[in-house]
Amino acid sequence: MKITFYPYDFDYKLKNGKVLVYLYSKLNDGTKVCVVEQHQPFFFADLKNFDKTEFIQRLQTLSLASQPEPAKVISFEEIEKELIGEKKRFFKIYANYPKAVPILAKEIQSWGIECYEKDVLFIHRYLRDKFFLPMTEIEAEGQYLPDSELCVPKFIASSLRQKSPHTTSWKILAIDIETYSLHKEIDFKNNPILMVAFYGLNEQNEEVRKVITWKKFPANEKYIEIVENEKELLLAVKKTIQEYSPEIITGYFSDGFDFPYLKARAHHHKVTLDLGLDHSELIAGTQGDFREGEAKIKGILHIDILKFIKYIFGKNLKTDSYSLDNVASELLGHQKHIVDLDSLAAVWDRKPELLEPFCAYNLHDARLTYKLCDKLLFDIIEFCKIVGLPLFDVIRMRFSRLVESYIMKRAMDHNVLAPNKPGDDEVDRRMEESIQGGFVYQPTPGLYKDLVVFDFRSLYPTIIVSHNIGPESFRREPCLQKKSVPEKEEYWFCQDQRYFLPLVLEELINRRAEIKKEIKKTASEQEKKLLEARSYALKILANSFYGYLGFFGARWYSLECAASTTAFARYYIKRTIQKGEEKGFKVVYGDTDSCFFQLESKNVEEALNFLKEINAELPGQMELEFEGYFPRGIFVSIKGREQGAKKKYALLRENSTMKVTGFEAVRRNWSLLAKEVQQEVLRLILLDKKEDAVIYVRTLVKDLKQGKIPLFKLVLKTQITRELSQYNAVNPHVLIARQRVQKGERIAPGTIIEYVLVKGSGLIRERAKIPSDVKEGEYDPSYYLYHQIIPAVSSIFSVLGYKEDEIFSDTTQIGLGKFF
DNA sequence: TACGGGCGGGG
DNA sequence: GTGTACGCCCGTA
């Protein structure tokens, strides 16, 4: 019989000497099935000068002691493969089981024969060999096998084929735990789990909400379920997951916290968390190694949504912290509930009647986690389809491994063999190496009129594709057409033939261009969402390609290629600048892929003509784009020097909004006052209201002196990064933290300390005060003048030729008077 | 300035 | 699991 199914989790087992792949899958009726298929592991060997007859003889008798049985070669064949552009014959060697592969390869390598693809995870091997896309529709021919091995029906497949690239809807369950904790300490050995929250949607799209806890208290909410003790709680958790029966279980830092904690507590109470659909136990790190580890339940796909956000998606976010609170507020517009978690333990012990808000908080976290997972699942599945690997692995990969996985998937179509990963020595060597980066044109400090900004679209990817840059073509002889690299006489790339690596990148760029066209065409919102997710995934991969070439752990590492890419980039940006100057534009600034010209006597139309001329000469896919026209722009100097600072400027758009880059106004340890002043001064100056800017600052300083600035704008924030006893240098924030400890608070590393500087004599740290203790008019104006306002704006004013004392003249004296 | 150690997320 | 993160920040030599 035939079935179609959507595989979401993968495993393999050895049965009677056979290697069986288990595909845990969803069926169209919403139930689950496990499709089982046999697959044989293999790797490759490059004989070079080794005698073939002797090699075959040795292979046939090879048997190395191991568990569960001796590692042996099942069969072998000679096939042609391409390695770094070199087509040659390799031995494809089949092993009796996956773990035999590294054992056999190590032995063969000791004979002086290089082996390849010996460290590819077996499930990855399987998915690539079969060209299957996880989470999408696959068709199997075979039959159900009555069997109690699994909690779901088992289907033995005789053949499988990819039926469509479409996915289905998935049943997600979010989980979050709260634990007993005094002084923010986490101790899974001694502190119990107090409550566990679940959030999901049932088949009717109705909310499923549950908080299980083990303290008797009068609970109003229906979703609260009270059990006898922690052991019963663990059993109830198990039952809840089994009854809800999700394909996906999600948590926030659940690889490192929730599941290891559950595991540790289950161990403590001798409870078996046999949640796996093959009756296996939850796999999670214990014994204090919360950092390491991935939590896994066989047959349920565990998504630690933090991992995907931290490694892949977070680069889109503005937040500098990946806490659930920050991420949820940026992505969902929801924040966490405000409860004083520090008091949970005390409430638990002494005031259980106040537990309900904690249950609500717990549930809310689970709901946020669910929403994050639901929102990002689309993007994640697109990544899975593109790189062709299990979702479980994809969300736990960084860019480099994601790119590499994509390349390895494409390698299957191009009959290309993957080079080996570097060994430790090689990694050490590579980490020593570095390359020159992009070109930055040193700006002259000043206020400029009529700027046009150009930048190269996807500069590094288009350079790689347009110049056929890759390890295969690098100085490849024999060659008729050599493209040499600017600044590097000894480097060139052969252009006679397209090679694998730039070809893969080209496909990636073209694929994305196609999708962009489709997005414009489609009217369906759902289709648009899908295409945008795919486009995003392809963009991430294309942009990571250059970084991958220079990544020390890469299989296709080539520092020469990475260095050539930046060399070409420097060449093109410099040439664009030069041509612009020849045309009569005045160059103001340039950085890596962008250049800023002043129009002077020219107009925007002439700038656009210049763009056309440049583009006519650019090779291949390279393209310069018009970023925009800016009526004003300001570039400041490096502190205490004449030179213009790089990567620090502000532009005014025609609609009077600003594009501010590199100004420190965004940093945490600046007061809101300093940030506001900087922003406003930039704005006024860009609007040609120089005098107003001076008046603004003077007025503000006057207000400051008269104590009129609201306290919240004067609050300084610094993070405590370690235990207070560990600080030698007593900075203001450390002193404040110690004061708060005196008052009975517990300040742990990570706490952000807020303080205000007040009037008085002595060291700065002696004048720091907790904001709530500061009385009206008590703050120290001269501190805020000298350490906040002046540093924030002096470089901006000096561009206009003002000296510090011209702006602050009538004010500094009073300020100085205070000091002496 | 180089190097080593620790942290992130979570309660 | 065909295994052993990684990049940043801080403090010290």
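The sequence lines fix the lettering, A, B, ..., with proteins before strands; numbering per chain opens at 1. Only heavy atoms go into these numbers, but all of them, side chains included; no hydrogens, no water, no symmetry mates.
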Inset, instruction - With heavy atoms under 4.0 Å as the rule, sort A:Ile177 into base, sugar-phosphate or nothing. - result: sugar-phosphate

Inset, instruction - With P as the reference atom in both, quote the distance from C:dG1 to C:dC6 in angstrom, rounded to an integer. - result: 14 Å

Legend entry - Out of C:dC6, B:dG10, C:dG3, whichever nucleotide has its closest atom nearest the side chain of A:Pro102: C:dG3

Inset, instruction - Select base, sugar-phosphate, or nothing to describe what A:Phe399 touches, counting heavy atoms under 4.0 Å on all strands. - result: nothing

Inset, instruction - Classify the glycosidic conformation of B:dG9 as syn or anti, calling it syn when the angle lies within 90° of 0. - result: syn

Inset, instruction - Remember a base hit wins even if backbone is also touched, and classify A:Arg396 as base, sugar-phosphate or nothing at under 4.0 Å, heavy atoms. - result: nothing

Legend entry - Whole angstrom value for the distance that separates P of C:dG3 from CZ of A:Arg401: 13 Å

Inset, instruction - Verify whether the ring centers belonging to A:Phe257 and A:Phe253 lie closer than 6.0 Å. - result: no

Inset, instruction - In whole angstrom, give me the gap between the C1' atoms of C:dA5 and B:dG9. - result: 14 Å

Legend entry - Out of B:dG11, C:dC6, B:dG9, whichever nucleotide has its closest atom nearest the side chain of A:Ser321: B:dG9

Legend entry - Rounded distance (Å) that lies between atom C1' of B:dA2 and atom CD of A:Glu432: 12 Å

Legend entry - Gap between atoms NZ and C1', on A:Lys310 and C:dG7 respectively (whole Å): 10 Å

Inset, instruction - Compare the minimum distances between each of B:dG11, B:dG9, C:dC6 and the side chain of A:Arg398, then state the nucleotide with the smallest one. - result: C:dC6

Inset, instruction - Salt-bridge test for A:Asp255 and A:Arg396: reply yes if a basic N is under 4.0 Å from a carboxylate O, no otherwise. - result: yes

Legend entry - Whole-Å gap separating C1' (B:dG11) and CD1 (A:Ile186): 5 Å

Legend entry - Base-pairing mate for B:dC7 - Watson-Crick or G-U, with both contacts under 3.5 Å: C:dG7

Legend entry - Touch class at under 4.0 angstrom, heavy-atom based, for A:Leu324 against every strand present: sugar-phosphate

Legend entry - Interatomic distance where CG belongs to A:Asp424 and P belongs to C:dA5 [whole Å]: 10 Å

Inset, instruction - Let me know the distance between CG of A:Asp255 and C1' of C:dT4, rounded to the nearest Å. - result: 15 Å

Inset, instruction - Between B:dG11, C:dG7, B:dG9, spot the one nearest the side chain of A:Asp176, thanks. - result: B:dG11

Legend entry - Watson-Crick or G-U wobble partner of C:dA13, both distances under 3.5 Å: B:dT1

Inset, instruction - Answer yes or no: is there a side-chain heavy-atom contact under 4.5 Å between A:Ile212 and A:Val227? - result: yes

Inset, instruction - Could you check how far CG of A:Leu121 sits from P of C:dG1, rounded to whole Å? - result: 6 Å

Inset, instruction - Let me know the distance between CD1 of A:Ile175 and P of B:dG9, rounded to the nearest Å. - result: 21 Å

Inset, instruction - Check whether any side-chain heavy atom of A:Phe44 sits under 4.5 Å from a side-chain heavy atom of A:Ile79, and report yes or no. - result: yes

Inset, instruction - Would you mind telling me which of B:dG11, C:dT4, C:dG1 lies closest to the side-chain atoms of A:Phe257? - result: B:dG11

Inset, instruction - Would you kindly check whether a donor in the side chain of A:Asp258 faces an acceptor in the base of B:dG10, or vice versa, at under 3.5 angstrom? - result: no

Inset, instruction - Using heavy atoms to find the nearest nucleotide of DNA chain C for A:Tyr311 and A:Phe392 separately, return the residue whose nucleotide is more 5′. - result: A:Phe392

Tell me which donor-acceptor pairs under 3.5 Å the side chains of residues 421-428 of chain A have, and how far apart each pair is, sequence neighbours excluded?
{"residue": "A:Glu426", "atom": "OE1", "partner": "A:Arg429", "partner atom": "NE", "Å": "3.1"}
{"residue": "A:Glu426", "atom": "OE2", "partner": "A:Arg429", "partner atom": "NH2", "Å": "2.9"}
{"residue": "A:Glu426", "atom": "OE2", "partner": "A:Arg430", "partner atom": "NE", "Å": "2.9"}

Legend entry - Any N/O donor-acceptor pair, A:Thr179 side-chain to B:dG11 base, under 3.5 Å: no

Legend entry - A:Tyr460-A:Tyr546 aromatic ring centre distance below 6.0 Å: yes

